[in-house]
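As structure tokens, the structure follows; a few thoughts come after it.
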There are 2 protein chains.
Amino acid sequence: MLSKKSQYAFKALSYLTEHYKQGPVLISEIAKKKKIPLKFLENILLELKKAGILGSKKGKGGGYYLQKDPAKVKVATIIRLVNGPIAMLPCVSLYFYERCKNCDEKHCGLHDMMVEVRDASLGILESRTLSDLIV
Amino acid sequence: MLSKKSQYAFKALSYLTEHYKQGPVLISEIAKKKKIPLKFLENILLELKKAGILGSKKGKGGGYYLQKDPAKVKVATIIRLVNGPIAMLPCVSLYFYERCKNCDEKHCGLHDMMVEVRDASLGILESRTLSDLIV
DNA sequence: AAAAAGTCCACCAAGTTGGTAGGGTGTTTG
DNA sequence: CAAACACCCTACCAACTTGGTGGACTTTTT
């Protein structure tokens, strides 16, 4: 399951997508409109900024804005950033791989199955972007 | 990600699948062969028994055994039992559904996307059984 | 009766999650 | 220059989950 943090991140990003290229948006505005605890949202946006997804501006007229074209930011990227691995097992993760002890990956039925699940999920998550969050 | 508990459960179940219809298997034997902490495994097997997946027998010659044909126990069932929801959002889960507050499911891009991911995953997990764990 | 083997209950350490508090830093405007 | 503005940063916290252990109890077999 996606953490609440991730869900907040997606809500905030969808709001920023709707206001793409309309200048910086206040954290407080996003928090209010999307009903996200303000201070918690601060942390999330800062993290997204450090990852290069968002940009920010201080002082009057400041706020956060999308650094990139929302049509080019994959949903999978955001999940990995805020939530962690997409795969169901470490030995199957592309970005968070960890060798499986006491289980030979070449002869593990669960491993093979989870590779399939991962690929099925990524087929969707890697092809959708922030633009797809807006209906 | 699947919890360690879930991974242990699958290892134990695969062992029991390999010994299907060969009489009860000792917890201690499974623990040793699959390198699972004994007391932890006890809890897991008991839970699987209470869910009707396993049966048990006490006293000499006792142990645990599969209650059903391994080819008829879906992997999805085990995951829901031991790990919880398969979906990435509560508002998208079939077995653990919870309404999404502050988000109209009819007009939420994330919701729609996660429905697709869920269905893609279930397409695999609902069609595979314990038998498929053995390679 | 003794041994075997599962059952049950209670507890624990460490980590994660979701959040709060409060001051610091850089920008703009008057 | 100073005040207002708005993000930046560090620290902290309660509650919950995860992964695991210890010990006593019951049931079954020999």
Side-chain angles (χ1 to χ4, degrees), chain A residues 1-12 16 19 23-32 34-67 79 81-85 88-90 96 101-102, chain B residues 1-12 16 19 23-32 34-67 79 81-85 88-90 96 101-102:
Chain A
M1 300 270 287
L2 293 178
S3 62
K4 275 200 140 195
K5 185 177 167 187
S6 303
Q7 297 180 49
Y8 289 155
F10 279 117
K11 284 186 194 233
L16 288 173
H19 294 76
V25 181
L26 291 182
I27 302 180
S28 55
E29 180 184 337
I30 304 173
K32 192 174 179 186
K34 292 296 186 175
K35 292 173 182 159
I36 304 171
L38 184 85
K39 296 294 284 181
F40 197 20
L41 181 57
E42 271 190 24
N43 301 333
I44 296 168
L45 296 181
L46 195 53
E47 196 174 328
L48 290 170
K49 180 195 170 181
K50 285 179 180 164
I53 312 288
L54 300 180
S56 70
K57 193 168 176 304
K58 288 183 178 182
K60 181 152 195 177
Y64 276 98
Y65 51 87
L66 274 170
Q67 191 72 274
I79 293 181
L81 198 61
V82 182
N83 207 75
M88 296 188 97
L89 291 176
F96 298 83
K101 18 186 172 302
N102 317 328
Chain B
M1 299 270 288
L2 294 179
S3 62
K4 275 201 139 193
K5 185 177 169 187
S6 303
Q7 297 178 50
Y8 289 153
F10 280 116
K11 283 185 196 237
L16 288 172
H19 294 75
V25 180
L26 292 180
I27 302 180
S28 55
E29 179 184 337
I30 305 173
K32 193 174 178 186
K34 292 296 187 176
K35 291 173 183 160
I36 304 171
L38 184 87
K39 294 294 285 183
F40 197 19
L41 181 58
E42 272 186 25
N43 301 333
I44 296 168
L45 295 181
L46 195 53
E47 197 174 328
L48 290 170
K49 180 196 171 180
K50 285 179 178 162
I53 311 287
L54 300 181
S56 70
K57 193 169 178 302
K58 288 185 177 181
K60 182 152 194 180
Y64 276 98
Y65 49 88
L66 274 170
Q67 191 73 272
I79 292 181
L81 197 63
V82 182
N83 207 73
M88 296 187 96
L89 292 175
F96 299 84
K101 21 185 171 300
N102 316 328

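In this text, all values refer to a predicted model and were calculated from it rather than measured experimentally. Values below: all heavy atoms of this structure, side chains included; hydrogens, waters and symmetry mates excluded. Below, chains carry the letters A, B, ... as their sequence lines are ordered, and counting in each starts from 1.
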Nearest 0.5 Å please: distance from the [atom1] atom of [X] over to the [atom2] atom of [Y].
| X | Y | atom1 | atom2 | value |
| --- | --- | --- | --- | --- |
| I30(A) | L38(A) | CD1 | CG | 10.0 Å |
| L66(B) | L16(B) | CG | CG | 5.5 Å |
| E29(A) | L41(A) | CD | CG | 11.5 Å |
| L2(B) | N83(B) | CG | CG | 5.0 Å |
| L48(B) | N43(B) | CG | CG | 11.0 Å |
| S3(B) | M1(B) | OG | CE | 10.5 Å |

Under the rule for side-chain contact (heavy atoms from CB on, under 4.5 Å), what residues qualify as partners of K57(B), not counting sequence neighbours? P24(B), Y65(B)
Exercise: identify the closest heavy-atom pair between [X] and [Y]:
| X | Y | result |
| --- | --- | --- |
| K11(A) | I36(A) | CB-CD1, 4.2 Å |
| I44(A) | A9(A) | CG2-CB, 3.8 Å |
| Q7(B) | P90(A) | NE2-CD, 4.3 Å |
| L26(A) | G62(A) | CD2-O, 3.7 Å |

With a 4.0 Å cut-off on N to O distance, would you call K50(B) and E47(B) a salt bridge? no
Give the rounded distance in Å between these two atoms: [atom1] of [X] and [atom2] of [N].
| X | N | atom1 | atom2 | result |
| --- | --- | --- | --- | --- |
| M1(A) | dT18(D) | CE | P | 12 Å |
| I30(A) | dA6(D) | CD1 | C1' | 12 Å |
| I44(A) | dG18(C) | CD1 | C1' | 9 Å |
| L41(A) | dA6(D) | CG | C1' | 13 Å |

What does the list of N/O pairs under 3.5 Å between the protein and nucleotides 28-30 of chain D look like, with a distance for each?
{"unit_1": "dT29(D)", "atom_1": "OP1", "unit_2": "K57(B)", "atom_2": "NZ", "d": "3.1"}

Polar atoms only, N or O, under 3.5 Å: list the protein pairs with nucleotides 14-16 of chain D and their distances.
none

What are the residues of residues 46-53 of chain A, sorted by number, that bring a heavy atom to within less than 4.0 Å of DNA chain D? L46(A), K49(A), K50(A)
Restricting to nitrogen or oxygen on both sides, can you table the protein-nucleotides 19-21 of chain D pairs closer than 3.5 Å?
{"unit_1": "dG19(D)", "atom_1": "OP1", "unit_2": "K4(B)", "atom_2": "N", "d": "3.1"}
{"unit_1": "dG19(D)", "atom_1": "OP2", "unit_2": "K4(B)", "atom_2": "N", "d": "3.4"}
{"unit_1": "dG20(D)", "atom_1": "OP2", "unit_2": "Y8(B)", "atom_2": "OH", "d": "3.2"}

Taking ring-ring contact (aromatic ring centres under 6.0 Å, His included) as the definition, give me every residue that meets it alongside F40(B), ordered by chain and number, with sequence neighbours left out. Y8(B)
Any donor-acceptor pair under 3.5 Å joining the side chain of E42(A) to the base of dC7(D)? no
Indicate, with a heavy-atom threshold strictly under 4.0 Å, whether L45(B) touches base, sugar-phosphate, or nothing. nothing
